[in-house]
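Working notes for the structure below.
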Amino acid sequence: MTGPLPAEVVVSAGARGPTRGLLRFLTCGSVDDGKSTLIGRLLYDSKLIHDDQLDALRRDSRRHGTTGDDMDLALLVDGLEAEREQGITIDVAYRFFSTPRRSFIVADTPGHEQYTRNMATGASNSEAAVILIDARKGVLTQTRRHSYICALLGIRHVALAVNKIDLADFSAERFHHIVGDYFGFAATLGFASVTPIPISARFGDNVAAPSARMSWYDGPTLLEYLETLDADHGLAGRPFRFPVQWVNRPDLDFRGYSGTVASGSIALGDRVAVAASGRESALARIVTADGDLRAASAGDAVTLVLADDLDIARGDVIARADARPEVVDQFAAHVLWMAEDPMLPGRSYLIRIGTKYVPARVTSLKHKVDVSTLEHIAAKTLALNEIGLCNLATATPVALDPYAENRATGAFILIDRFNNATAGAGMITFGLRRATNVHRQSLTIDRESRMRRNGHRPAILWFTGLSGSGKSTIANLVEKALHAQGAHTYLLDGDNVRQGLNRDLGFTDADRVENIRRVGEVARLFVDAGLIVLCSFISPFRAERRMVRELVGPGEFVEIFVDTPLEECIRRDPKGLYARARAGKITHFTGIDSPYEPPEDPELVIAARETTPEDGAQQVIAVLKAKQIIA
Amino acid sequence: MLSPHLKRLEAESIEIMREVAAEFAKPVILYSIGKDSGAMLHVAVKAFHPSRLPFPLLHIDTGWKFREMIRHRDMIAARYGVELLVYTNAEGRARGINPITSGSQLHTQVMKTEALKQALDLWGFDAAFGGARRDEEKSRAKERIFSFRSKGHVWDPRNQRPELWRLYNTRINKGETIRVFPLSNWTELDVWQYTRAEAIPVVPLYFAAPRPVVRRDGLLIVRDDERLPLEPGEREEVRMVRFRSLGCYPLTAAVESTATSLDEIIEEMLTTRTSERSGRVIDADEAASMERKKREGYF
């Protein structure tokens, strides 16, 4: 060990406080590259480890350590019990240390392949990355992977820490060989700077203090590099963007918009515009609890008051009138998938962009990226930890900028609509269709006039249930009854849809989603035409049924769950399909090797084993009357 | 005047608090009377200016807080003009649970963890702010800013949502709740420097004064009242001590100190060789005890 910084320097200078702004950086590397040891070393050398923590460390080192009689610095930072037992970091941990010159927050991110999402999480809030390489192993697939993710997430500065150089005899040749390899690979990634440093985290060489054992190296120590790095993302110099978080309305005399300036700056009197509506006003006040300001810039949490009373709500973006963001309902983005359930094009997710939540779909997956080779691969879905270039469509227009231009307004997350998990993260490459260009043909014959002529309201009657549950039988009876009343109806089912419109689709999860999406769109057109559309589909996934529900107006979607137990369906097996599925002759068969998600809140449940089809049909008619769809 | 560093931390905390106000039906601030709670409340009041703080404070009273803490709590609520709710686990009290004869573990479990869950359920709070910081303790270093709790307030460290950028996922289903930690990225030193810069009142126990203490298991315990019996061989003595962290008085050790002002506390912090939570008896109970308590629903 070459020795930590002298304690008295840390103490006296610490009282003055850091002279350079906070730096957030992440560490990444493969399993066993020594990330945790490096962070432990930084904490230890900057004197942030207290006596009681050192006692705990000595105890833990004897129990769990991997460094023999030495203290295992990695144990300072490996937090949760499960990880300690496995000897592996499984989540992002944030560490804090400061030197006389700067405060730091370190995102300690795991090297294990399956936890790519955690690395992206750490990178999303970091300004720089320390990428570790084991001097004995050189550039690995993992190194490429992590470098690519850093670049994708917009990290511009990288320290390449060639660690365990003590185990490579402090060899300059070895170091330069690895650095050459890395530069060959990283040239295409577009980092603003890459700084290679040979270190030994275990013994402290070139971490906080220069190594006496590598006279051939005359660059900065890692700590020196971090202390002096100018890692400003330049958000202050970008166009002004202010996503409205909360409307501040204490009384009738005050109406302000609270939020944090995402980028750029604004001053009193400046002309501003609401991105989505295009309405303009002038900035009248910038309110804070410490008094009004004359100007505000990126990072300031303020409350804006405008000269005019515009209709502004949470989710709106206020911009400078002469530099507005794009407002689009379709855009292209790189999506990193973070959920166990794969990303399915066509499925409805909730997107959060800025302060706005809005339903969104991935309309197409253009390709997957092999993060080891950067090759583009054709694919239908994205699995956990996969990255792909996608086109997305939102239900209403959103204000955005490309991620490369603005990290604050070019990023989004995708949320699973059932369990609310954060399922994906995205970085926008460009907008595809300006929402302002999408003027719907305004129609002279509208829904009202069709409804008056028809004498009933349009609706989708969605029959869902297992194969053989009796959906189609009941739907047929309902259609007959409606027809007898003079209602205009149409029945969509697997037989008439799969032979034509959806002939190109199979039964994989992705194809099932697309099947239902198309059926939903057709049903929506029929509803526009004034019809009562009966749809009879297994439709096993809640997400797709919800998607169709949202295509039409409130009260126009009636979900009917034909609830026949699986064993009863198997016993009936009218088409012999269960027998074939159980024999393995059909795959992806709902109830056998593909799941069915029962509705959580359907308009009607027909307990079909205890009910005759005729009674079931009567129940449906009763619901339609109660909902005043028919008289 | 705040330093740019503190200004940035404050702005980030304000952003988090406004997210909660905008997205949750019934948030509450878990107020534990300590310096972190004090800073958190101060930031919260600033976040919504000129509106009033749109949620109440909740204090879980175990019945064993220092008397000075209770006085401070009531003074703060009046000073900021905020609604203060106080909850005690009545069943636990009726069973006579206390930190001395029941042991720190059972006392904490019943009078803090269970009480907190009962109170959240009683009022139907769907988001609760806590003043915990990531630099306090290892299991907290991995905690999210928006920490998801499934039904029954269960914290599953393997089932937490990734937090990218500042795009917090605030969506929950019925029965699920969120704990929110707006001071996650602050350090102990940041809190003290902010407290000084903003002149936030703190419990006088943080300042050194002559206090009656007994030495027990190497820790200095202040006898706040007669309920703490002396064990054979123990004797009470008056020493110049202060607290770095405040909890139930029999479970919180004092440190010897001469720091009687915020300046002196900050100076002392920069030279100290022990960590903030070293005086907490409950942390030392067992390995990774904080993680275990968190899984059960502790903050």
Side-chain angles (χ1 to χ4, degrees), chain A residues 11 14-15 17-18 21-22 50-53 77-82 84 90-96 98 103 105 117-118 120-121 124-125 245-246 248-250 254 256 258-260 287-290 299-301 303 314 338 350 352-353 355 357 407-408 411-413 415 419-422 425, chain B residues 3-5 7-15 18-19 21-23 45-52 134-135 138-142 148 157-158 160-173 176 184-185 187 189-190 193 266-267 270-276 278 287-288 291-292:
Chain A
V11 170
L22 178 68
H50 295 122
D51 289 345
D52 53 316
Q53 291 166 321
V77 293
D78 281 341
L80 304 184
E81 279 179 282
R84 281 207 222 170
I90 57 166
D91 211 325
V92 191
Y94 296 89
R95 309 292 169 192
F96 301 76
S98 57
S103 303
I105 300 180
R117 70 172 202 178
N118 293 328
T121 304
S124 75
N125 284 316
Q245 269 193 294
W246 188 71
N248 199 330
R249 195 111 213 257
F254 185 93
S258 295
T260 300
V287 178
T288 78
D290 297 318
D300 290 347
T303 299
R314 173 172 168 87
M338 304 188 291
L350 205 59
R352 176 175 178 161
I353 176 161
T355 53
Y357 288 94
R407 216 180 178 192
F412 61 87
I413 57 171
I415 297 169
N419 59 24
N420 289 314
T422 303
Chain B
S3 68
H5 174 66
K7 191 89 206 150
R8 179 171 171 187
L9 289 175
E10 184 194 59
E12 289 178 2
S13 301
I14 286 176
E15 183 177 3
R18 288 172 172 170
E19 278 302 296
E23 289 289 338
V45 168
K46 290 181 81 171
F48 302 100
H49 172 86
S51 290
R52 291 167 59 85
R134 284 172 174 158
D135 79 326
K138 271 198 247 179
S139 76
R140 285 186 170 169
K142 311 204 165 191
F148 177 76
R158 282 182 172 269
Q160 291 296 315
R161 299 165 173 180
E163 277 180 346
L164 289 102
W165 302 285
R166 278 180 268 160
L167 296 174
Y168 304 112
N169 176 353
T170 55
R171 295 286 155 145
I172 52 170
N173 286 324
E176 298 164 348
S184 287
N185 288 333
T187 63
L189 182 61
D190 294 329
Q193 288 180 334
I266 289 167
E267 188 60 32
L270 290 166
T271 51
T272 186
R273 294 301 307 152
T274 56
S275 72
E276 183 182 9
S278 62
E291 183 186 347
R292 204 152 293 158

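Just so it is clear: chains get the letters A, B, ... in the order the sequence lines come, proteins before strands, and each one is counted from 1. Note that the structure is a prediction, hence the values are computed from the model and not measured.
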* A/Thr288: what forms a side-chain contact (heavy atoms from CB on, under 4.5 Å) with it, not counting sequence neighbours? ->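 Checked A/Thr288 against side-chain contact (heavy atoms from CB on, under 4.5 Å); matches are A/Asp290, A/Leu293, A/Val302.
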* N/O donor-acceptor pair under 3.5 Å between A/Asn248 side chain and B/Phe48 backbone ->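 Yes: the side chain of A/Asn248 pairs with the backbone of B/Phe48.
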* Just by distance, do the side chain of A/Gln245 and the backbone of B/Glu15 share a donor-acceptor pair under 3.5 Å? ->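 At least one qualifying donor-acceptor pair exists.
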Portion of [X] that has a non-hydrogen atom of chain A nearer than 4.5 angstrom:
| X | value |
| --- | --- |
| B/Asp190 | neither |
| B/Pro4 | neither |
| B/Arg52 | neither |
| B/Glu12 | side chain |
| B/Arg18 | both |
| B/Ser13 | neither |

* To do: Mind ranking B/Ile266, B/Leu9, B/Thr170 by heavy-atom pairs under 4.5 Å with chain A and telling me who comes out on top?
  =>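 The candidate making the most pairs under 4.5 Å is B/Thr170.
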* To do: Among B/Lys46, B/Arg166, B/Gln160, single out the residue with the greatest number of heavy-atom pairs under 4.5 Å to chain A.
  =>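 Option with the greatest count: B/Lys46.
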Could you tell me which portion of [X] (side chain, backbone, both or neither) has an atom closer than 4.5 angstrom to a non-hydrogen atom of chain B?
| X | value |
| --- | --- |
| A/Ile413 | both |
| A/Arg314 | side chain |
| A/Tyr94 | both |
| A/Ala411 | both |

* Please list, chain by chain and in numerical order, all residues satisfying side-chain hydrogen bond (donor to acceptor under 3.5 Å, both in side chains) with A/Asp300, sequence neighbours excluded. =>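 Expected list: none.
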* For chain B, the option from A/Thr422, A/Asn420, A/Val287 that forms the most heavy-atom pairs under 4.5 Å ->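 Maximum pair count with chain B is reached by A/Asn420.
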* If you count heavy-atom pairs under 4.5 Å with chain B, which of A/Ser258, A/Gly256, A/Gly259 comes out on top? ->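 The candidate making the most pairs under 4.5 Å is A/Ser258.
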Do the non-hydrogen side-chain atoms of [X] and [Y] ever get within less than 4.5 Å of each other?
| X | Y | result |
| --- | --- | --- |
| A/Leu22 | A/Ile105 | yes |
| A/Ser103 | B/His5 | yes |
| A/Phe254 | A/Thr303 | yes |
| B/Arg171 | A/Tyr357 | yes |

* Test A/Thr355 against B/Glu19 for side-chain contact (heavy atoms from CB on, under 4.5 Å), laying out the working first. => CA-CA 8 Å; A/Thr355 53; B/Glu19 278 302 296; 4.0 Å; yes
